[in-house]
Amino acid sequence: MLSHTTPISCNFPSIHSQNPKHKLPNLKTSTLPLSLQITNARYKLKFPQLTKRGHLQIRRNSLDTQKPQEPDLEQKDSMKVDGEIGAGGGSGGRTTSFLIFLLWGGLMYYIFILAPNQTPSTDMYLVKKLCYLIGDDGFQLNHVIVSLWNIMGLWPLLYCMLLIPSGRSSKGSVPVFPFLILSFFLGAYALIPYFVLWKPPPPPTEEAELKKWPLNFLESKLTAGITFAVGLGLITYAGLASGDDWKEYLQYFGGSRLIHATSIDFALLSTFAPFWVYNDMSARKWEDKGFWLLPFSVIPFLGPSLYVLLRPSLSTVPVAPISLASKEE
């Protein structure tokens with residue numbers, strides 16, 4: 001009995017006084033596991049790309065233009081481009097958006113109330129004829145009107161290539177796709193509301209998206225080349241039209257609501273295109289090499305389509321893994 005009790009009480013008096021049953025479990029949970037947790041946290045911070053696979057972020061000017069470790073500089077730089085138009089550029093951006101909204105409202109009022117509408121039956125006939133719903137009836141369409149009608153079908157495609165992905169709104173904001181789809185029928189009259197609601201910066205683009213529809217189609221040089229070639233052909237076709245064709249077109253413009261509204265639509269798309277060219281150029285960090293294309297972007301359709309043909313692919317833009325901060329958001 002003495003050999004079992006006295007050695008413990010004599011040799012380890014502090015253990016009896018500190019309640020060993022409560023102390024020993026704390027030693028097991030507060031030393032090694034905690035250090036492993038700290039090491040694991042440091043590992044994740046140091047190598048975030050290994051903690052979450054397959055999610056890469058295309059670095060853009062509207063997201064970051066310098067180093068990934070300098071978010072403040074990235075945010076300031078994005079405001080230089082994004083603050084000029086849309087709802088996300090502070091007071092200046094809100095003022096611009098409000099003015100664009102007033103422009104759109106005035107245009108809608110003008111087109112539906114004030115625009116000339118002297119030939120509604122002729123407009124309906126022209127639509128059917130231009131859409132090939134009427135066969136050869138001996139009537140020859142005006143060459144300028146044919147060129148204008150067909151190039152208005154290319155403008156929405158060109159805007160898709162400019163707005164996806166660099167012109168998309170930030171997460172939780174209005175999506176661009178519905179407006180782009182409507183633009184195939186309504187042109188700039190459907191896009192201007194998106195310009196008002198646009199809120200940069202665009203959401204991150206995952207690397208896998210570049211190989212999927214619609215980015216693989218919109219980023220294709222074949223798509224850009226065909227768009228530019230067809231547009232060049234249509235503009236050349238109108239440019240080679242006779243003087244009588246141009247006089248007839250001006251008569252249609254003065255009396256036909258269809259031709260009047262379509263011509264204004266073409267002018268609006270040409271006016272907004274240079275901004276979106278610059279926005280996309282900045283997003284791809286191509287300002288230094290592609291700056292010479294900006295003056296050409298004011299050339300209706302041909303300038304923006306030439307930029308889309310020559311711009312670098314998104315696959316060549318520097319890519320960085322998503323940070324823990326963006327993961328938490």
Side-chain angles (χ1 to χ4, degrees), residues 100 103-163 177-195 223 226-273 276 298-305 308:
I100 294 175
L103 171 65
W104 179 78
L107 285 170
M108 293 296 99
Y109 181 80
Y110 176 79
I111 294 299
F112 289 104
I113 304 299
L114 302 179
N117 189 25
Q118 301 172 6
T119 58
S121 58
T122 303
D123 288 352
M124 185 59 65
Y125 172 81
L126 286 176
V127 170
K128 293 180 180 180
K129 188 73 173 177
L130 290 167
C131 293
Y132 301 98
L133 299 178
I134 298 179
D136 186 9
D137 57 357
F139 178 78
Q140 185 176 4
L141 288 170
N142 182 280
H143 291 180
V144 180
I145 293 177
V146 171
S147 176
L148 176 65
W149 178 266
N150 285 280
I151 205 168
M152 292 307 297
L154 292 177
W155 265 119
L157 176 60
L158 182 58
Y159 265 85
C160 286
M161 291 187 280
L162 290 174
L163 295 178
F177 292 102
F179 297 91
L180 288 173
I181 293 174
L182 288 175
S183 70
F184 282 90
F185 305 96
L186 302 176
Y189 305 115
L191 286 175
I192 291 177
Y194 176 75
F195 299 163
T223 304
I226 293 176
T227 302
F228 176 78
V230 175
L232 179 61
L234 290 172
I235 292 178
T236 303
Y237 181 75
L240 295 177
S242 65
D244 293 336
D245 281 332
W246 281 100
K247 291 179 181 179
E248 185 183 19
Y249 162 75
L250 292 177
Q251 292 176 356
Y252 275 111
F253 181 82
S256 169
R257 175 174 290 179
L258 172 67
I259 305 304
H260 196 86
T262 304
S263 301
I264 295 176
D265 189 6
F266 179 87
L268 290 170
L269 292 171
S270 302
T271 301
F272 284 106
W276 294 107
V298 302
I299 301 176
F301 192 83
L302 292 181
S305 60
V308 170

Is any side-chain heavy atom of [Y] closer than 4.5 Å to one of [X]?
| X | Y | value |
| --- | --- | --- |
| Phe179 | Leu186 | no |
| Phe253 | Pro116 | no |
| Thr227 | Val308 | no |
| Tyr194 | Leu180 | no |
| Tyr159 | Phe272 | yes |

> Hey, mind stepping through Leu141 and Trp149 against side-chain contact (heavy atoms from CB on, under 4.5 Å) and telling me if it holds?
Replying inline: CA-CA 11 Å; Leu141 288 170; Trp149 178 266; over 6 Å; no
Would you name the heavy atoms of [X] and [Y] that are closest together and state the gap between them?
| X | Y | result |
| --- | --- | --- |
| Gly231 | Phe301 | CA-CE2, 3.5 Å |
| Pro300 | Trp155 | C-CZ2, 4.3 Å |
| Val144 | Ala241 | CG2-CB, 3.9 Å |

>> Pair Thr262, Tyr252 - check side-chain contact (heavy atoms from CB on, under 4.5 Å), show working.
In response: CA-CA 11 Å; Thr262 304; Tyr252 275 111; over 6 Å; no
> Is there any salt bridge (charged side-chain N to carboxylate O under 4.0 Å, His left out) pair reaching into residues 108-121, and which pairs are they, with sequence neighbours excluded?
Replying inline: none
> Can you list every pair that meets salt bridge (charged side-chain N to carboxylate O under 4.0 Å, His left out) and has a residue in residues 257-269, with sequence neighbours left out?
Replying inline: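 Residue pairs passing salt bridge (charged side-chain N to carboxylate O under 4.0 Å, His left out), neighbours aside: none found.
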Give a yes or no on whether [X] atom [atom1] has more than 12 heavy-atom contacts from other residues, nucleotides or ligands under 6.0 Å away.
| X | atom1 | answer |
| --- | --- | --- |
| Met124 | CE | no |
| Tyr110 | OH | yes |
| Phe185 | CZ | no |

If the condition is side-chain hydrogen bond (donor to acceptor under 3.5 Å, both in side chains), which residues does [X] pass it with, not counting sequence neighbours?
| X | answer |
| --- | --- |
| Glu248 | Asn142 |
| Ser242 | Asp245 |
| Ser256 | Asp123 |
| Thr223 | none |

Can you sort out the partners of [X] under ring pair (Phe, Tyr, Trp, His ring centres under 6.0 Å), two or more places apart, ordered by chain and number?
| X | answer |
| --- | --- |
| His143 | Tyr237 |
| Phe184 | none |
| Phe112 | none |
| Tyr132 | none |

> Would Leu107 and Leu268 count as a side-chain contact (heavy atoms from CB on, under 4.5 Å) if you check the C-alpha gap in whole Å, the side-chain angles of each, and the deciding distance to 0.1 Å?
Replying inline: CA-CA 10 Å; Leu107 285 170; Leu268 290 170; 3.5 Å; yes
Output the distance between atom [atom1] ([X]) and atom [atom2] ([Y]), rounded to the nearest 0.5 Å.
| X | Y | atom1 | atom2 | result |
| --- | --- | --- | --- | --- |
| Ile111 | Tyr189 | CD1 | OH | 3.5 Å |
| Ile151 | Ile235 | CD1 | CD1 | 4.0 Å |
| Ser270 | Leu302 | OG | CG | 9.5 Å |
| Leu130 | Tyr125 | CG | OH | 9.5 Å |
| Leu157 | Leu162 | CG | CG | 10.0 Å |
| Gln118 | His260 | CD | NE2 | 11.0 Å |

> Excluding sequence neighbours, so at least two apart, what forms salt bridge (Lys or Arg N to Asp or Glu O under 4.0 Å) with Asp136?
Replying inline: none
> Which residues pass the side chain to side chain contact (heavy atoms under 4.5 Å, CB included) test with Thr271, sequence neighbours left out?
Replying inline: none
>> Run the side-chain contact (heavy atoms from CB on, under 4.5 Å) test on Leu191 and Leu269 for me, step by step, so that the C-alpha distance in whole Å, both residues' side-chain angles and the decisive distance to 0.1 Å come before the verdict.
In response: CA-CA 9 Å; Leu191 286 175; Leu269 292 171; 4.0 Å; yes
